[in-house]
Amino acid sequence: MPQSTALLDWYDRHHRDLPWRVSPADAALGVLPDPYHVWLSEIMLQQTTVGAVKSYFVAFLHTWPTIEALAAADEDDILRAWAGLGYYSRARNLHKCARSIVADHGGRFPQTIEGLKALPGIGDYTAAAIAAIAFDMPVAVVDGNIERIVSRLYRIADALPAAKKPIKQKMAILTPSERPGDFAQAMMDLGSSLCSPKKPACVLCPFTSNCEAEMAGDMERFPVKAPKKQKPTRRGVAFLIRRADGAIWLQKRPAKGLLASMAQVPTTDWSDKNTGEQFDLATALSHAPDGLKFHKKTGQVTHTFTHFHLLLDVYEATTSHKAPMADGWWSTPLDINGEALPTVFRKVVEFAA
DNA sequence: AATCCGGGGCG
DNA sequence: CGCCCAGGATT
């Protein structure tokens, strides 16, 4: 029995019911999933776990049932719905892509890899995933899970990212012409369950004794990766301005850079010159909003981004209902949960509650 | 090829 | 606490 068949058998016996998959009964009839659902789920799943995505996917589909509805949405509504999921450029590219599909492609996804890759937010992986899962095209899908599995199957010694090319070649050979989408999803399910980074459950693996790393007993060496840079710690001050009724003053962040176009409480910058002992609190406080009496909250808010740790002091002030500065808006306790507020600022609000 | 971009779960 | 995750865009 070919290795791909053994894996598909394993997949059918361990089928996971996920909101973006068709039911096993429909799949048996050859029903393919809605490309809109496949695309939306794949964008959300970029560097994000299945458990984190599920509720967001269901909510998005409820609010915007079709790609036409999503294309017609206000971008700020999409950012609010995306808040907490991370990598916010995905949300802005999601909207751009939906508008392009509707305006330039008659509301349908292109059915070629090149056509898909030309769309905002769709790269090598996502183009292949949509082609295989939504259009039944026998293309090699390679994500982080599959890099780990294939690098173990063939004991690929090259370090990532140089190993990507040989991995994709091997995956292309493995991928069957029948059920290529299920094969890709089976590989990803295998990677997120049995073929884990540490202590893989090789005894249960459908690639029994066809895995070179398992034969050699050094599975955990693969995939080989370059050592990572350590993250610096940056510091800053966040200003929580509270109205008598509990509303909090928010602002919109710039359209480029970290947490672009999202909401924030007023804050000093966290640039890399505010690293470690170079941080000057007095200079930071000189940027405090005028005309308010702030008092420092005891303790700090900590948050870790992709490439730095952040330590925030929190200063709080209360004021009348008059706007404390030119840009921004009051967000009442009822509104705050629906704001496009990234997790670091939700921590600040919660910290000062 | 390196860097920037979030957040959470797990050992 | 470090590592990893259904990566893409930019430089």
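The structure presented is a predicted model; accordingly, all values stated were derived computationally and were not measured. We name chains A, B, ... by the order of the sequence lines, and we start the count at 1 in each one.
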**Prompt:** So, A:Arg148 and A:Ser196: side-chain donor and acceptor under 3.5 Å apart, yes or no?
**Reply:**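 The criterion, which ignores hydrogens and geometry beyond distance, is not satisfied for A:Ser196 and A:Arg148.
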
Examine [N]: is either OP1 or OP2 under 4.0 Å from a nitrogen or oxygen in the side chain of [X]? Give yes or no.
X        : N     : answer
A:Tyr87  : C:dA9 : no
A:His307 : B:dT3 : no
A:Thr126 : C:dG8 : yes
A:Lys231 : B:dG6 : no
A:Thr343 : B:dG7 : yes
A:Arg148 : C:dC4 : no

Per [X] side chain, nearest of listed nucleotides [options]:
X        : options             : result
A:Thr49  : C:dG8, C:dC4, C:dC5 : C:dC5
A:Lys229 : B:dT3, B:dG7, C:dC5 : B:dT3
A:Asn93  : C:dA9, B:dA1, C:dG7 : C:dA9

**Message:** Between A:Lys164 and A:Val142, is there a side-chain heavy-atom distance shorter than 4.5 Å?
**Reply:**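 No. Closest side-chain heavy atoms not under 4.5 Å.
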
Can you tell me the distance, in whole Å, between the [atom1] atom of [X] and the [atom2] atom of [N]?
X        : N     : atom1 : atom2 : answer
A:Glu147 : C:dC4 : CD    : P     : 12 Å
A:Phe308 : B:dG7 : CZ    : C1'   : 13 Å
A:Ile167 : C:dG7 : CD1   : P     : 13 Å
A:Leu94  : C:dG8 : CG    : P     : 14 Å
A:Glu42  : C:dC5 : CD    : C1'   : 13 Å
A:Gln47  : C:dC5 : CD    : C1'   : 6 Å
A:Leu85  : B:dC5 : CG    : P     : 18 Å
A:Asp158 : B:dA1 : CG    : P     : 11 Å

**Request:** Take A:Lys199 and A:Phe305, find for each the nucleotide of DNA chain B with the closest heavy atom, and name the residue whose nucleotide sits nearer the 5' end.
**Result:**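 Whichever sits nearer the 5' end wins; that is A:Phe305.
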
**Asked** More 5' along DNA chain B: A:Ala162 or A:Gly84, using each one's nearest nucleotide?
**Response**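 Of the two residues, A:Ala162 wins.
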
**Message:** Name the residue from A:Trp39, A:Trp20, A:Phe60 that meets the side-chain contact (heavy atoms from CB on, under 4.5 Å) definition with A:Met44.
**Reply:**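 So, applying the side-chain contact (heavy atoms from CB on, under 4.5 Å) to A:Met44 and each of A:Trp39, A:Trp20, A:Phe60, only A:Phe60 qualifies.
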
**Asked** By the rule that ILVMFWY residues connect when side-chain heavy atoms come within less than 4.5 angstrom, directly or transitively, which residues belong alongside A:Leu311?
**Response**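 Answer for A:Leu311: none, a lone residue.
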
**Message:** I'd like the P distance from B:dG6 over to C:dT11, given in whole Å.
**Reply:**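 Pairwise P distance, C:dT11 against B:dG6, rounds to 16 Å.
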
Scan [X] against the nucleic acid and name what it touches under 4.0 Å (heavy atoms): base, sugar-phosphate only, or nothing.
X        : value
A:Trp82  : nothing
A:Leu259 : sugar-phosphate
A:Lys225 : sugar-phosphate
A:Gly257 : sugar-phosphate
A:Lys198 : nothing
A:Gly191 : nothing
A:Ser196 : nothing
A:Leu18  : base
A:Arg253 : nothing
A:Ile43  : nothing

**N/O donor-acceptor pair, side chain A:Thr48 with base C:dG7, under 3.5 angstrom** =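 Check fails, no donor-acceptor contact within cut-off.
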
**Asked** Under 6.0 Å from the six-membered ring centre of A:Trp329 and within 45° of its axis: does the NZ or CZ of A:Arg243 meet both?
**Response**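 Here A:Arg243 fails the 6.0 Å and 45° test against A:Trp329.
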
**Item:** Aromatic A:Phe308 / basic A:Lys231 pairing, under 6.0 angstrom, 45° off normal
**Value:**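 The answer is no, since A:Lys231 fails at least one limit relative to A:Phe308.
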
**Message:** Could you check whether A:Asp218 pairs with A:Arg155 (Lys NZ or Arg NE/NH1/NH2 to Asp/Glu carboxylate O, under 4.0 Å)?
**Reply:**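 Salt bridge: yes.
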
**Asked** Of A:Gly121 and A:Ile133, whose closest DNA chain C nucleotide lies nearer the 5' terminus?
**Response**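 So the residue in question is A:Ile133.
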
**Prompt:** Quick one: on DNA chain C, does A:Thr306 or A:His309 contact a more 5' nucleotide (nearest heavy atom)?
**Reply:**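 Counting from the 5' end, the first nearest nucleotide belongs to A:His309.
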
